[in-house]
Asks: 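Supplied in C-alpha cells, the structure appears directly below.
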Amino acid sequence: MTTIAVICPGLPERTPSTHYRFGQYRDLWREQGVELTFVPKQELLAGAGAWPSIAPQAMDVLEKADVIVNQKCLLSSHLFRQIKRLGKPLVFDFDDLIWHRAGNDYSLPTKWKLARRLALWTNGVDQVICANTYLQAALLKKTGAASVVVPMSLDLDLWCPKSDRLGLVEDGLFQVGWTGSPEYHWLLRKLVPALRQAQQQEPLLRFSIHSGVDPQLDLDYAFVPWQKGNEPDYVKSLDIGLLPMDPDSIFSLGKSPIKGLQYLACGVVPVGNFCGASLDFLRPSNGLIVDQFLQGWVDAILSVSRDPRRQMELKAQGLADVHLLSDRRRVGESLLRLLLVEAG
C-alpha cells in the first residue's frame with residue numbers, strides 16, 4: 001500500500017479546499033492501493049515559539065508516507081528543513097493566491113515573510129501543482145517556479161442535472177438563484193436593482209437564495225436555508241446560476257469558483273462577470289459573461305430566460321465541458337499519476 005500524507009489547512013470533512021483538492025479522491029485511490037492520510041496544520045506543530053518542531057504523532061505519519069504533499073501551508077523555513085530531512089518526495093499544491101487574503105490584504109511585513117516562504121517551498125520541492133492557469137502564471141512571475149495545473153473537479157454522480165431542468169418546466173417558470181456563504185452576500189446585494197428590474201420585465205422569473213443566513217434582500221425571492229448535503233438538490237432546481245465576482249480583489253482573481261463548476265455540472269447556465277481564474281472553464285459557449293453595469297445583468301437574465309434554444313445550447317456545452325475537464329475520476333487519475341511518479 002502506497003501512502004500519501006497531506007499537510008493541509010484542515011481535515012477534508014470540515015475544509016472545502018482540502019476536500020476538493022484531495023479528500024474527494026480518497027475512495028478512488030484506495031481502490032488502486034493508495035492510502036491518503038491528512039495532517040492538519042494545527043496538529044503539525046509541537047509547542048510554540050520561534051522554532052517550533054513537528055509534533056511526534058505528525059512526524060510519525062510523515063515518516064511512514066511514500067510522498068508528502070503540502071496543501072498551501074506556507075510553513076517556516078525551520079519546518080521546511082525538518083520535512084526535507086525526511087528524504088521523501090515533496091509536493092506543494094495551492095488553489096488560490098495564498099500570498100494574499102480576501103478583504104483587507106496582509107501588511108507589508110507579512111507579505112514579505114509570505115513571499116520568502118512561497119519562494120522557499122515552490123523552488124525547494126520536487127513538484128508544484130496549482131488549480132488553474134491564472135495561478136500558474138502568477139507563481140511563475142512571483143517566484144520563477146514552474147507548476148503543473150490540476151484543475152478543480154466534482155463528483156459527477158452527485159453533481160448532475162435533473163432531467164426536467166434541461167428544458168423549460170411544465171409551469172413555464174424560470175428559476176434564477178445563487179448559493180454561497182454569508183460573507184459573500186455583499187456581492188449579491190449589488191445586484192438587487194438589476195434583479196428587480198428583470199423580474200418586473202419577465203413575470204415568469206423566480207428568484208431564490210441558498211445560504212446559511214437569509215441576506216434579507218429587498219427582492220421577491222425564496223430563501224432556502226443551507227443544510228449539510230442539500231446544496232446539490234438546490235443547484236439542480238435552477239435554470240440560471242448567478243455568479244457575481246469581485247474583479248477588484250487580487251485574492252478573488254486567483255480562485256477557481258467551484259460554484260461555477262457546480263452550475264455547469266447540473267445543467268444550469270452560469271451568468272456572471274467572470275474574471276481571473278474562472279475564465280479557465282467559464283466562457284461564452286457555456287455561460288453569459290456580463291459587464292459590471294447593472295443593465296448587463298438584466299439583459300443577460302432576460303435573454304436566456306426568453307430563448308429556449310439558447311438555454312439548451314449553453315446547458316449542453318456546459319455539461320460537455322465539465323465532463324471533459326472536471327470529472328472527479330479523470331482528474332483524480334491524473335493527479336495520482338503525477339504523485340506516483342514522484343514516489344518512483
Asks: Taking all non-hydrogen atoms of both residues, which atom of Phe281 and which atom of Pro257 are closest, and how far apart?
Replies: CZ-O, 3.5 Å

Asks: Compare all side-chain heavy atoms of Leu195 with those of Ile301 and state whether any distance is below 4.5 angstrom.
Replies: yes

Asks: Is it true that, when you exclude Lys64 itself, more than 12 heavy atoms of the residues, nucleotides or ligands shown sit nearer than 6.0 Å to its NZ?
Replies: no

Asks: Ignoring hydrogens and geometry beyond distance, is a side-chain donor-acceptor pair present between Glu333 and Gln32 at under 3.5 Å?
Replies: no

Asks: Give the ring-plane orientation class for Tyr234 versus His210, where under 30° counts as parallel, over 60° as perpendicular and anything between as tilted.
Replies: parallel

Asks: Taking all non-hydrogen atoms of both residues, which atom of Ala58 and which atom of Glu43 are closest, and how far apart?
Replies: CB-O, 3.8 Å

Asks: For the backbone of Thr179 and the side chain of Lys259, can you confirm whether one donor and one acceptor N or O come within less than 3.5 Å of each other?
Replies: yes

Asks: What distance do Lys142 atom NZ and Leu135 atom CG have between them, rounded to the nearest 0.5 Å?
Replies: 13.5 Å

Asks: Is it the case that more than 12 heavy atoms not belonging to Glu63 sit under 6.0 Å from its CD atom?
Replies: yes

Asks: Ser153 pairs by side-chain hydrogen bond (donor to acceptor under 3.5 Å, both in side chains) with which of Gln24, Arg21, Arg328?
Replies: Gln24

Asks: By the definition salt bridge (charged side-chain N to carboxylate O under 4.0 Å, His left out), identify the one residue from Asp95, Asp246, Asp96 that meets it with Lys255.
Replies: Asp96

Asks: Salt bridge or not between Glu313 and Arg310? Use side-chain N to carboxylate O under 4.0 Å.
Replies: yes

Asks: Cut-off 3.5 Å, side chains only: do Thr18 and Thr15 have a donor facing an acceptor?
Replies: no

Asks: Do Thr143 and Trp121 have side chains that approach each other closer than 4.5 Å (heavy atoms only, starting at C-beta)?
Replies: no

Asks: Please determine if Lys315 and Asp239 form a salt bridge, counting it only when a charged side-chain N lies under 4.0 Å from a carboxylate O.
Replies: yes

Asks: Does the side chain of Arg189 come within less than 4.5 Å of Leu217's, by heavy atoms?
Replies: yes

Asks: In Å and rounded to the nearest 0.5 Å, what is the OG to CD1 distance from Ser305 to Ile240?
Replies: 6.0 Å

Asks: Should Leu302 and Trp297 be regarded as members of a common hydrophobic cluster, given that ILVMFWY residues are connected when their side-chain heavy atoms come within less than 4.5 Å of each other, either directly or indirectly?
Replies: yes

Asks: Measuring from atom CG of Leu279 to atom CZ of Phe274, what distance do you get when rounded to the nearest 0.5 angstrom?
Replies: 8.5 Å

Asks: Can you list every salt bridge (charged side-chain N to carboxylate O under 4.0 Å, His left out) pair that touches residues 279-306, not counting sequence neighbours?
Replies: Glu202-Arg306, Arg283-Asp321

Asks: Would a hydrophobic clustering, with Ile, Leu, Val, Met, Phe, Trp and Tyr connected at side-chain separations under 4.5 Å, put Leu45 with Ile68?
Replies: yes

Asks: Regarding Gln82 and Ser53, is there a side-chain donor-to-acceptor distance under 3.5 Å anywhere?
Replies: no

Asks: Give the ring-plane orientation class for Trp29 versus Tyr25, where under 30° counts as parallel, over 60° as perpendicular and anything between as tilted.
Replies: parallel

Asks: Looking at every heavy atom in both Val290 and Gly296, which two are closest together, and how far apart are they?
Replies: CG1-O, 3.5 Å

Asks: Hey, does Phe251 have a side-chain heavy atom less than 4.5 Å from the side chain of Tyr106?
Replies: no

